[in-house]
Amino acid sequence: MNEKESTGFYQIDEISDLTISLVGSNPPIYRQLEVKSDTTLFEFHCMIQTAMGWTNSHLFEFRRGDLIFGVNLQETIDDFPDLIEAAHVRIAALLKRPGQTLTYIYDFGDSWEHKIKLNRHLPIEKGKYYPACISGADKCPPEDCGGMSGFYNLLKILGNPKDSEYKEVKTWVGRKYDPKDFQVDAVNRKLRRIKAVIREMTEAWYG
């Protein structure tokens, strides 16, 4: 591995192969991504939102042990004095060895918890676009549906047209909603414009 940059204890001139799994989903809802190791946690947040299908409508944080990473908002900075700015920390600083994990939580109400696992490091492949989605399964739950328990109750209702709430729920999620809808090519098309997505989300969060 050619060392293009070093902090003294990790190198970032490589690719991190990561699996992002939605905790509590069965069968698993997940995405496997290849991401440049010098990606910041805020940029990674943008990639997770894009790959999973979330809408960046709620607060988020990453957790590693007692450390919490997120966005230091002016209105909440006094409430979370120990929060580490996600835009200042790179993936390579936290996930150095295969098997290491990181927790990502999106929407503190519904509490969508994701387990992020480092599978391996890879050399950067010349001519390949990163980030890249390698595999995955199923569509992420609809926003604001009440967490995993609410999601599975929603699926139960959708599976029974005779349910009294069927029409209401069907209208809410949309007639074309398919919980099994995952297409790796579609995800990669979205990831192809990740630079624009990061700019948009940066503006949304930081102004």
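The structure displayed is predicted, hence computed values, not measured ones.
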Of the non-hydrogen atoms in Leu122 and Glu14, which two are nearest, and what is the gap between them?
-> O-CB, 3.4 Å

NE2/His114 to OG/Ser25 distance, rounded to the nearest 0.5 angstrom?
-> 9.0 Å

Donor-acceptor side-chain pairing of Asp144 and His58 below 3.5 angstrom = yes

Between Tyr106 and Phe60, does the ring centroid distance fall short of 6.0 Å?
-> no

Does Leu41 reach the side chain of Leu102, with side-chain heavy atoms less than 4.5 Å apart?
-> yes

Between Arg31 and Ala51 the two heavy atoms that sit nearest each other are NE-O, 2.8 Å

Answer yes if Ile91 and Tyr30 sit in the same cluster of Ile, Leu, Val, Met, Phe, Trp and Tyr residues linked by side chain heavy atoms under 4.5 Å apart, and no otherwise.
-> no

To the nearest 0.5 Å, how far apart are CD1 in Ile198 and CZ in Phe42?
-> 8.0 Å

Do Ile116 and Thr103 come close enough that some side-chain heavy atom pair is under 4.5 Å?
-> no

Exam field: side chain Asn188 to backbone Ala132, donor-acceptor pair closer than 3.5 Å | no

Return the set of residues passing ring-ring contact (aromatic ring centres under 6.0 Å, His included) with Tyr152 (not counting sequence neighbours), or none when no residue passes.
-> none

Mind running side-chain contact (heavy atoms from CB on, under 4.5 Å) on Trp205 and Asn72 for me, showing each step along the way?
-> CA-CA 9 Å; Trp205 281 102; Asn72 281 301; over 6 Å; no

Give a yes or no on whether the backbone of Ser149 and the side-chain of Asn153 come within a donor-acceptor separation of less than 3.5 Å.
-> no

Are Leu22 and Ile134 connected, step by step, through hydrophobic side chains (Ile, Leu, Val, Met, Phe, Trp, Tyr) whose heavy atoms are closer than 4.5 Å?
-> no

Side-chain contact, heavy-atom cut-off 4.5 Å: Asp138 with Pro179?
-> no

Leu73 vs Leu59 side-chain heavy atoms within contact, under 4.5 Å = yes

Within the side chain of Asp110, is there an N or O that forms a donor-acceptor pair under 3.5 Å with the backbone of Gly146?
-> yes

Do you know which two heavy atoms are closest between Leu158 and Tyr166, and how far apart they sit?
-> O-CE1, 3.3 Å

If you take all heavy atoms of Cys145 and Trp172, which pair is closest and at what distance?
-> CB-CH2, 3.7 Å

CD/Glu34 to CG/Leu18 distance, rounded to the nearest 0.5 angstrom?
-> 9.5 Å

I would like to know whether Asn119 and Gln32 meet side-chain contact (heavy atoms from CB on, under 4.5 Å); could you show each step before the answer?
-> CA-CA 9 Å; Asn119 301 314; Gln32 183 182 358; 4.0 Å; yes

Please work out which of the three classes, parallel, tilted or perpendicular, describes the rings of His45 and Tyr104, given edges at 30° and 60°.
-> tilted

Okay, side chain of Glu203, backbone of Glu200: is any donor-acceptor separation there less than 3.5 Å?
-> no

NZ of Lys117 to CG of Asp17, rounded to nearest 0.5 Å, is 10.5 Å

Is there a donor in the side chain of Ser21 and an acceptor in the side chain of Thr19, or the other way round, less than 3.5 Å apart?
-> no

Once you round to the nearest 0.5 Å, how far does CD1 of Ile157 lie from NZ of Lys167?
-> 15.0 Å

When you measure from the side chain of Tyr130 to the backbone N and O of Glu125, does any donor-acceptor pair fall under 3.5 Å?
-> yes

For Ser37 and Ile15, what are the C-alpha separation, side-chain angles and deciding distance, and is it a side-chain contact (heavy atoms from CB on, under 4.5 Å)?
-> CA-CA 5 Å; Ser37 299; Ile15 297 301; 5.5 Å; no

Nearest heavy-atom contact between Lys139 and Tyr177 is CD-CE1, 3.7 Å

Taking side chain as C-beta onward, heavy atoms only, is Pro142 less than 4.5 Å from Phe151?
-> yes

Mark yes or no for whether Arg64, through its side chain, and Leu94, through its backbone, hold a donor-acceptor pair below 3.5 Å.
-> yes

Greater than 12 external heavy atoms within 6.0 Å of Lys128's NZ = yes

Starting from the C-alpha separation in whole Å, work towards a yes-or-no answer on side-chain contact (heavy atoms from CB on, under 4.5 Å) for Ile194 and Met47.
-> CA-CA 7 Å; Ile194 196 63; Met47 295 171 187; 3.9 Å; yes

Flag, side chain of Thr39 to backbone of Val35, donor-acceptor distance under 3.5 Å | no

Is any side-chain heavy atom of Asp181 less than 4.5 Å from a side-chain heavy atom of Gln183?
-> yes

Any side-chain donor near an acceptor of the partner, Asp107 and Trp54, under 3.5 Å | no

Could you state whether Val23 and Phe62 fall into the same hydrophobic cluster, counting links through intermediate Ile, Leu, Val, Met, Phe, Trp or Tyr residues with side-chain heavy atoms under 4.5 angstrom apart?
-> no

Residues passing the ring-ring contact (aromatic ring centres under 6.0 Å, His included) test with Phe69, sequence neighbours excluded, are none

Derivation of the salt bridge (Lys or Arg N to Asp or Glu O under 4.0 Å) call for Glu168 and Lys170 = CA-CA 6 Å; Glu168 179 182 354; Lys170 189 71 173 179; over 6 Å; no

Taken to the nearest 0.5 Å, the spacing of Lys126 NZ from Ile124 CD1 works out to 12.5 Å

Shortest non-hydrogen pair, Leu118 vs Ser16, comes out as CD1-CB, 3.9 Å

Determine, for Glu61 against Arg63, whether the closest basic-nitrogen to carboxylate-oxygen distance falls under 4.0 angstrom.
-> yes

